[in-house]
Every structure is written in C-alpha cells, then in structure tokens.
Amino acid sequence: MGLDWSRPEERRPLLAASRAPRVFGRRWLVLLLFSLLGFMQGLVWNNWGPIQNSARSAYGFSDLDITLLVLWGPIGFLPCFLFMWLMDTRGLRVTVLLTLLLMVLGAGLRCVPVSDLGLRRILIHGGQLLNGFAGPTAMNGGPFLSSTWFSPDERATATAVAAMLNYFGAACAFLIGPLIVPAPNNTSSSLLTQEHVESIQDRIEAVMYTGKYMS
C-alpha cells in the first residue's frame, strides 16, 4: 500500500546489505510463540483492574492494593536495561526463557492456596511484580526478533505483530475478567453472604489458574 506513495530511491536502504539475509520458514512460528508470550504478559498484568470491585469483596483489597497491582507492571519495567543487555550478550533465546520463568513463577505465586488472606495478598503482589519483570522482553523484544529472523521487507510487519499482541492481551483482560468473575452488585462487603464471597473467590482463582496454565 505504502509502496505507491514513494519513489524507488526513497525506499532504498541507507546501508547496503553485504549479502542477502537467510530466512527460515519457521520464523512465523517463532513470531507466533513470542507474540503469545507478550499476549499472556499483558493479560496477567491487567487482571485486577477490571475486577477490582470483586477483588475488594473477596480478598479485602484496599484502593492501595488495587493501585499497586496495576503499578507492579511499570515498576517491574525499571530493570529494562538489564534485559536489553542480556539480549545483546546472551541472545534472544536465553532472555525469553528467563522471561518465561518469571511469568510462570509469578502466575504460580498468585495461585498458592493459603487461607490467610494477608499472606495471600502478599503472594499475589509478589506474583504481579514477577510478571512485571517480564515486561521489558515482552514489549521490547519484537525489533530484536524481527531483525534476527526476518528479511528487511518483513521486519516492520513482524515488529508490529509482536508489539500489538502485548497490548491486545491487556485489552482482553477487560473482557475475560468481568465475563468470568461476578460483580458484588454494589452490595457492601459487610453485607455479602459467605456463599457469595466464596463464589467470587472461586471465579477469581479460575482466572488466575487460567493465567498460570497458559503461561
């Protein structure tokens, strides 16, 4: 589409390649797997905002808890230069495996079945922070992947797909959470029946278990 809007000399690369890049058919599978990683990272990061009223009723979360659960993503992004250095020195494979490990551990912490709500809150916050540490690779690894696996005329598409899926996962949380987790129907937490509270907890745990197994 954009090729018709520019002259051939404008599309000429600034640096001529020394040889034609070698591409592999499985590059699309690699892109798909990396994009799914970004999708899950965004989905897990945004789990709590769309169901915050239910989380307050089920686990006694305060406004500070809800705010922190969302902020752990940006906070976990602070060591991004460490992940970029790791990607440059150790390669994409090692960095992605470390990112997957952080995501699995984070999703697992959120699912530890403890009855103490105070300890449960700490584990959930810790899991969100670990998932936040996976953010730099999920959000910034697309250009590295596209330049490694794709030819120059496919890199813009590969980078766009890898970046878009992370945001798409965060957007899907606004659909998945409210569809699975029932709202407390504007009822005060002190007036909710134990059966209703347990039902909300079960639904929230179903969402967290889904995130764990998909990770």
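In this chain, numbering begins with 1 at the start of the sequence shown.
- Looking at R56 and D63, a side-chain N of the basic residue comes within less than 4.0 Å of a carboxylate O on the acidic one, giving a salt bridge.
- In this structure, a donor-acceptor pair under 3.5 Å is present between the side chains of N47 and R110.
- Residues F144 and W149 place their aromatic rings such that the two centres sit no closer than 6.0 Å.
- Annotation: the span from M84 atom CE to L82 atom CG amounts to 9.0 Å, rounded to 0.5 Å.
- Side-chain N or O atoms of N131 include one that pairs as donor or acceptor with a backbone N or O of Q41 at under 3.5 Å.
- Proximity of F168 to L43: side-chain heavy atoms (C-beta onward) are nowhere separated by under 4.5 Å.
- No side-chain heavy atom of W45 sits less than 4.5 Å from a side-chain heavy atom of N166.
- Note: W28 and F150 have perpendicular aromatic rings, judged against thresholds of 30 and 60 degrees for the angle between ring planes.
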Item to complete: Check the pair E205, D202 against side chain to side chain contact (heavy atoms under 4.5 Å, CB included), reporting the backbone distance first and the verdict last.
Response: CA-CA 5 Å; E205 289 175 0; D202 290 341; 4.1 Å; yes
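- D65 places a side-chain N or O within donor-acceptor distance of the main-chain N or O of S62, the cut-off being under 3.5 Å.
- Taking the charged nitrogens against the carboxylate oxygens, R27 and E154 do have a contact shorter than 4.0 Å, which makes a salt bridge.
- A 4.5 Å side-chain heavy-atom check between I124 and L109 finds every atom pair outside the cut-off.
- Applying the side-chain hydrogen bond (donor to acceptor under 3.5 Å, both in side chains) test to pairs two or more places apart or on separate chains, those with a residue in residues 93-103 are T99-T137.
- Between L130 and W72 the shortest side-chain heavy-atom distance does not fall below 4.5 Å.
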